[in-house]
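Take a look at the structure below.
We use all heavy atoms of the structure for the numbers below, so side chains are in, but hydrogens, waters and symmetry mates are not.
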Amino acid sequence: MEKKKSKVNMMSVASMIALMVSGWVAGIEGVEISRYLFGEDGTAVNNIIICMLAVVIMFTMMFVHLVIHEAGHLIFGLISGYDFSSFRVGNIIILKDNGKLKIKKYSIPGTGGQCIMLPPKDNGDEIPYVLYNLGGVLINLITAILALIVLLVFGGNAIVDAALKLFIVVGVACAILNGVPMSSSQLDNDGKNIITLKKNPKARKAFANTFSIFEKITEGKRLREIPEELFEIEMEDKIEDSISASVIINKFMRLIDLWKLEEAMNLGEYILEHVEKIAGVHKNIVKQEMVYCMIMLDYPREKIDEMYKDKELNEYLKMAANMISTPRIQYVYSLFVEQDEKKAKKHYDNFYKIMKSYPYEVDKKTEEEMLLKAKEHYSNKESK
């Protein structure tokens with residue numbers, strides 16, 4: 001596979017600058033708090049402890065703004081006519097299940113939170129996208145401005161002032177990082193998505209299809225039960241926006257659910273080669289499922305190992321230990337490739353342990369079917 005040329009990752013550079021500025025402000029505020037508490041008599045140890053406290057406040061404000069950002073998507077999604085589906089912060093998710101709100105544990109590696117909404121049903125392919133995408137940025141800015149007003153009107157306590165200043169700095173940084181159109185090697189930010197959707201009718205259709213697919217999943221349908229036309233996308237030399245990339249990932253997973261494993265392998269190769277804006281988590285899911293397909297199609301061990309022992313995939317599997325697909329792929333690899341039934345049994349038991357508290361019923365059905373098909377395939381091979 002040909003290596004892609006490296007590009008300057010503007011989002012990573014901007015994130016680093018934002019972190020450095022926030023850290024600089026935290027250091028200054030730490031000194032101010034130390035003076036407030038100890039005057040000029042504070043020891044070096046006192047100053048270090050207080051500066052560490054300021055850094056803790058900084059990271060706390062980052063978490064708060066993460067929640068605020070996702071809440072912004074929720075608020076402006078509702079204003080735009082969207083319906084609530086789920087809201088996640090860290091590993092706690094609130095989701096609507098058969099009209100009822102439920103709280104469960106669920107996390108996606110590499111993401112701190114996520115708000116998923118279902119768009120208005122009467123707009124066809126032209127679903128509202130500006131306010132929905134911009135909602136997080138607007139709320140980050142609005143709350144930062146409110147904090148500035150509070151600071152100017154009621155400021156005076158060094159500790160409270162430090163928290164407010166860091167809240168303002170982090171809020172503005174979040175707004176810039178998400179609002180100013182930028183791309184990382186894996187994703188486009190909210191501002192970039194708006195520009196893409198405005199200029200590219202194919203991306204708007206992909207945006208609408210992605211939501212339609214998710215809506216049907218929330219209704220209890222598996223990917224193979226969803227109409228094929230929602231997964232249609234032009235196979236270009238390069239797919240350069242993360243919106244279109246999400247549709248092709250769903251198409252890949254649908255082929256596996258249809259048990260068209262050879263077709264899935266071909267599409268997986270295409271994704272790894274031609275889809276530029278693919279999230280790291282999605283890229284590793286593709287690799288993981290390609291390993292599954294190779295094992296079920298009886299590929300030679302060296303081909304399977306080449307993919308399974310990929311460094312990025314191994315790091316992902318460690319981070320995704322609580323995802324239901326992880327013990328399933330580990331079970332299949334241990335059973336077929338390592339031929340270690342004892343180790344495979346541990347992964348098998350872990351699969352059912354995770355399954356008990358997993359929030360998505362459709363995923364549970366799909367994953368268990370894939371696990372049992374692998375178990376049956378192994379038994380058939382052993383009996384020959």
Check whether any side-chain N or O of N189 sits under 3.5 Å from a backbone N or O of V180 as a donor-acceptor pair, and report yes or no. yes
Do the ring centers of Y82 and Y132 come within less than 6.0 Å of each other? yes
With distance as the sole test, does N250 use its side chain to make a donor-acceptor pair with the main-chain N or O of S246 at under 3.5 Å? yes
Charged N to carboxylate O below 4.0 Å: is that the case for K165 and D161? no
Can you tell me if T326 uses its side chain to pair, donor with acceptor, with the backbone of A320 under 3.5 Å? yes
Taking the side chain as every heavy atom from C-beta outward, state whether L74 and L78 have any atom pair closer than 4.5 Å. yes
Minimum heavy-atom distance N178-H69, with the two atoms named: CG-CE1, 3.6 Å
Minimum side-chain heavy-atom gap H377-D298 below 4.5 Å: yes
Shortest non-hydrogen contact from A18 toward L177: CB-CD1, 4.1 Å
Heavy-atom closest contact (L166 atom, A54 atom, distance): CD1-O, 3.6 Å
Could you grab the distance from atom CD of E369 to atom CZ of R222, nearest 0.5 Å is fine? 4.0 Å
Are the aromatic rings of F207 and F211 close, with centres under 6.0 Å apart? yes
Same apolar cluster: M370 and Y352, side chain cutoff 4.5 Å: yes
Could you go through the side-chain hydrogen bond (donor to acceptor under 3.5 Å, both in side chains) check for E341 and Y378 one step at a time? CA-CA 11 Å; E341 293 189 8; Y378 181 77; 2.9 Å; yes
How about E29 and I57: do any of their side-chain heavy atoms sit closer than 4.5 Å? no
NZ/NE/NH1/NH2 to OD/OE distance under 4.0 Å, E361 and K364: yes
For the side chain to side chain contact (heavy atoms under 4.5 Å, CB included) test, which of R328, K309, K343 pairs with Y333? K309
Check whether any side-chain heavy atom of K381 sits under 4.5 Å from a side-chain heavy atom of F336, and report yes or no. yes
So, D83 and K96, do they make that salt bridge, N to O below 4.0 Å? no
D349 and K345: CA distance, side-chain angles, deciding distance, salt bridge (charged side-chain N to carboxylate O under 4.0 Å, His left out) verdict: CA-CA 6 Å; D349 292 341; K345 178 67 166 56; 2.8 Å; yes
